[in-house]
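Everything on this sheet refers to the single structure shown next.
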Amino acid sequence: MSLYKFIMYVISAVVSAAALYCAFDAIRFGWVFAILSFVVLFNAIGKTRKASERGLCAFLFLIVFIALQYSFLLHVSIVHERFAFLLIFVVLTVYLIPMICWVFLSFSYSAESFACTFLISEYVFAKSGIGNQMFQLGVTFVDCKLFDEIYALGGPWWLSAIVMLLAYLLYKLLHDFRLDEIVPLVVIIAFALVFKIDSSKSEKTKSIDVCAFSVANVSYIDSLLLELNSAFIKADYVILPEAMVSMHKHGVATDPFMTKLYRMSESLQSSFVSGAYTYCNGTERNNAVFVSDSAIVFCRNKKILIPFAEYVPYSKFVGNNDFIMSHLPPPLTRGIGVDCFDDGTASFAPLICFEALFSNYITHLCRNGAEVFFVSSSNLLIDSRHIERISQKIILMNSLMARRGFVRSSENGISSIISDDGIVEAEASGVKEIISSNVYLNDELTFYVAHDVIIDYMYYLLILLMLFLIAWKGR
């Protein structure tokens, strides 16, 4: 490999990774950055002739992109745990497993095969024990209103494929302009226009008034509660951030903070949903506590825990490693029991931070009756605006996918109220503020919510089939 080629591959990989990072970070036009990112990368990969060249492009792109996406680990390493940054290499390994096969198999169509392999890597990571959807390309299209209805029809995975297909078509048009290559682009846009969301088609009759607290630090909560009490803000539900208090499992009803909430619930005729830690007999749980009618109605335990922060994944292997275990915090106990609750006003699902970022969990809750979602969250530990913006985009994506409203209260992060058609009705970021709005309730199931497992498997098998056909054609 010549020095010139090496430099060009490095520049292309870094520029592409940086553009894709911007796609997840941008408040507007993130989808443009996503498409341009892969146009640049296809241009470099399309010129490769050797396995070493393909491997260099793929590895540089992935290591730069994952390092940027997980850059908050540098802050965590400095402030909390010095070895936290090593998680970057765990994520990189998961992504590289399909890529290694792509690198060493002889593909005549390098760009086409890379596109399929990347989508497979994305799917494998999101479905793995340590994965999530913070790398999913479909997230970048939430601010492109043309494809809103596709989320409800095919879910986030098909949007990932559309991003990749649009990037590939643009790459081909720039290299060899042919009219027949414009046809798929026209078909995609026409299909999106046909299924364009029309909110007037669905009759909305039932709604609730909600408000959420936005704080830079939980020490401001008391002053916001006083403000809520004195201003007489009308709200059926008031959502507070994650981990407002830590208390004994059997002392919830007598905790001073909870006592304050159920007294206010009686005077304001509002229900409160607040995050709280509970401990008992050496175990600790992350909970969402629901306070209504001057009593604590339930305490739901968090079920989807953060790998390496709240639980130890693959414990049979990792748990026997003294070095790793010595640098991990004590694991939380995973929750059990009911997830959706109906208090007569609404059927809602109270989620805790990380849980709101999993589309298949949202579809499961919708099928179990959730009409609206309340999210208690905290950004205090990782202190990353980038992760907060990605989280906001994923919640917007889930709103479009399920046609449900989301109310999120965050400490040191983004608090928002999102309507059932993916519109941000109110938002505050890291400031002491009470946001409020009206949210419609919806109990209808979108096509994806009703059939998500089948649609996801169809998507995965189709990508594998396309990769096989590319390999077969390029023999």
Sequence-distant partners of [X], ring pair (Phe, Tyr, Trp, His ring centres under 6.0 Å), two or more places apart:
X	result
Y279	H248
F29	none
H386	Y21
Y151	none

So, does S399 use its side chain to make a donor-acceptor pair with the main chain of I395 at under 3.5 Å? no
Between N379 and S410, do the side chains contain a donor N or O and an acceptor N or O under 3.5 Å apart? no
Any chance the side chains of E427 and S415 put a donor and an acceptor closer than 3.5 Å? no
Is the shortest distance from a Lys or Arg side-chain nitrogen in E227 or K432 to a carboxylate oxygen in the other one below 4.0 Å? no
Side-chain ion pair, R403 and E149, N-O less than 4.0 Å: yes
With T93 via side chain to side chain contact (heavy atoms under 4.5 Å, CB included) - residues at least two apart: none
For [range], pull every pair meeting salt bridge (charged side-chain N to carboxylate O under 4.0 Å, His left out), keeping only residues two or more places apart or in separate chains.
range	result
residues 342-359	R300-E355
residues 208-218	D209-K234
residues 459-470	none
residues 246-262	D222-K260

Between R408 and the options S214, S416, S377, S376, the side chain to side chain donor-acceptor pair (under 3.5 Å) test singles out S377
Can you sort out the partners of S391 under side chain to side chain donor-acceptor pair (under 3.5 Å), two or more places apart, ordered by chain and number? none
Mind checking side chain to side chain donor-acceptor pair (under 3.5 Å) for E242 and listing every partner two or more places apart, or none if nothing turns up? N286
Point-to-point distance, once rounded to the nearest 0.5 Å, from CZ of R404 to CD1 of I418: 15.0 Å
From the list F65, F135, F24, Y95, ring pair (Phe, Tyr, Trp, His ring centres under 6.0 Å) with Y70 holds only for F135
Would you mind listing every ring pair (Phe, Tyr, Trp, His ring centres under 6.0 Å) that reaches into residues 209-230, with sequence neighbours excluded? none
